[in-house]
Amino acid sequence: MSSGPGGPAGVLSAHDLRKSFGDIAVLDGVDLEAQAGQVLAVLGPSGCGKSTLLRVLAGLERPTSGEVLLDGATVSGPSPSRGMVAQSGGLFPWLTLRDNLAFGPRARSRPAAEVRTVVSELLAATGLDGFADVLPRQLSGGMRQRAAIAQVLANRPPVLLLDEPFGALDAQTRLRMHEWLLALLAERPTTTVLVTHDVEEALLLGDRLCLLSNRPARVTAEQPVPFGSARGRSVLHDPAFVRMKADVLERVLAA
Ligand SMILES: Nc1ncnc2c1ncn2[C@@H]1O[C@H](COP(=O)(O)OP(=O)(O)OP(=O)(O)O)[C@@H](O)[C@H]1O
Ligand SMILES: [Mg+2]
């Protein structure tokens, strides 16, 4: 959802980020920039430091050195303006779907009428209108992930941080979720950093692609993804898409 006139544009950048846990170096000088309203897909091998990078971008983890800027201002802690959906999902298991979606706006003391509107818009956008009063465990995996993204979007953040949001889903459901997310972001342009180890997911969802090396993570390549609005499942058969997928996979394996 855009932040409206006068609000932040939502350009998120990282400059020479380094992060170590004791002797273990995890981030080794990461530079990246997510443009306003675009999706930056960050692709890297398992264990390379993707979740750590996203947590640093969210302000949940402090870098050992380097900095994160949102619209030129240093990020120094977590904020609803950088909504993160963690790898394990984020819904409160004891709250109904409606109360999960209302949680952020209520915590920010938004008026009740606004909370109702935001919640009903997001229930419609997730196709979960009929499930407002159920608990997360009564939803399917795909429904839960849509709801977790909606919960974060309820805060109307200029920046959305997604950590392998569809990693635990079967291939068909994942493809449906990709099409759902593309449609959602087309309606509410939101600067998004999507972390994934899935090449197809990165190419389907990303406007730009950033490749990470094995741990400690460095950016090994940064490039546009040229499929634009043609994305959706039909692009999977486009020979240019197939070639790029094979090429990027080789580069990830060689990272
Ligand atoms: N809080 C922490 N304390 C110590 N080490 C950590 C901590 N968080 C992450 N690490 C280490 O950092 C490295 C990268 O972990 P991270 O979870 O960022 O990788 P990832 O790319 O997200 O992995 P995956 O693909 O499995 O999700 C791992 O070696 C992990 O053990
Ligand atoms: Mg991870």
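Start at 1 and go down the list; that is how both ligands and their atoms are numbered. Predicted, not measured: the structure shown is a model, and the values here were computed from it.
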S.K.: Could you tell me which atoms of ligand 1, counted from 1 in the order shown, lie closer than 4.0 angstrom to a heavy atom of Glu164?
M.R.: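 Contacts of ligand 1 toward Glu164, numbered from 1: 25 (O), 27 (O).
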
S.K.: Under 3.5 Å, is there a donor on one side chain and an acceptor on the other for Thr192 and Thr190?
M.R.: no

S.K.: Flag atom 30 (C) of ligand 1 as yes if some protein heavy-atom distance to it falls below 4.0 Å, otherwise no.
M.R.: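 Given the 4.0 Å limit, the answer for atom 30 (C) of ligand 1 is no, no protein heavy atom qualifies.
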
S.K.: Would Cys48 count as a contact of ligand 1 if the rule is a heavy atom under 4.0 Å away?
M.R.: yes

S.K.: Can you list the steps and then say if Glu61 with Phe21 is a side-chain contact (heavy atoms from CB on, under 4.5 Å)?
M.R.: CA-CA 11 Å; Glu61 196 91 69; Phe21 295 104; 4.0 Å; yes

S.K.: Please check whether Ile24 reaches ligand 1 - meaning an N/O of the residue sits under 3.5 Å from an N/O of the ligand, judged on distance alone.
M.R.: no

S.K.: Which is closest to atom 17 (O) of ligand 1 in terms of heavy atoms, Ser51, Ser46, Ser20?
M.R.: Ser51

S.K.: If only atom types and distance count, is the side chain of Lys245 paired as donor or acceptor with the main-chain N or O of Ala240 below 3.5 Å?
M.R.: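 Not confirmed, Lys245 side chain does not pair with Ala240 backbone.
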
S.K.: Donor-acceptor pair, distance only, cut-off 3.5 Å: does the side chain of Asn214 make one with the backbone of Cys48?
M.R.: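 Such a contact is absent between Asn214 side chain and Cys48 backbone.
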
S.K.: Can you spot which of Val219, Leu212, Leu162 makes a side chain to side chain contact (heavy atoms under 4.5 Å, CB included) with Val42?
M.R.: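 So, applying the side chain to side chain contact (heavy atoms under 4.5 Å, CB included) to Val42 and each of Val219, Leu212, Leu162, only Leu212 qualifies.
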
S.K.: Would you check if there is a donor-acceptor pair between the side chains of Asp133 and Thr96 at a distance under 3.5 Å?
M.R.: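 There is no such pair (donor and acceptor under 3.5 Å, judged by atom type) between the side chains of Thr96 and Asp133.
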
S.K.: Sort by chain and number the protein N/O/S atoms found under 2.8 Å from the Mg ion (ligand 2).
M.R.: Ser51 OG, Gln87 OE1

S.K.: For Glu250, enumerate each residue passing the side chain to side chain donor-acceptor pair (under 3.5 Å) test, keeping only those at least two apart in sequence or located in another chain.
M.R.: none

S.K.: Which atoms of ligand 1 have any heavy atom of Thr52 under 4.0 Å away?
M.R.: 9 (C), 15 (O), 16 (P), 18 (O)

S.K.: Counting each atom of ligand 1 from 1 as listed, which ones have a heavy atom of Arg215 under 4.0 Å away?
M.R.: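 So the atoms of ligand 1 that pass are 13 (C), 29 (O).
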
S.K.: Say whether Val26 and ligand 1 are in contact under the criterion: heavy-atom distance to a ligand atom below 4.0 Å.
M.R.: yes

S.K.: If we only count heavy atoms from C-beta on, is the Phe131 to Gln138 side-chain gap below 4.5 Å?
M.R.: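 In short, these two side chains do not touch, never coming nearer than 4.5 Å.
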
S.K.: Write out the residue and atom name of the closest protein heavy atom to atom 3 (N) of ligand 1, then the distance separating them to 0.1 Å.
M.R.: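 The answer is Phe21 CD2, 3.4 Å.
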
S.K.: Taking only residues two or more places apart in sequence or in another chain, which ones pass ring pair (Phe, Tyr, Trp, His ring centres under 6.0 Å) with His197?
M.R.: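 His197 satisfies ring pair (Phe, Tyr, Trp, His ring centres under 6.0 Å) with no other residue.
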
S.K.: Apart from Leu95 itself, which Ile, Leu, Val, Met, Phe, Trp or Tyr residues share its cluster (side-chain heavy atoms under 4.5 Å, direct or through members)?
M.R.: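 Once heavy-atom contacts under 4.5 Å are chained together, Leu95 belongs with Phe92, Trp94, Phe103.
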
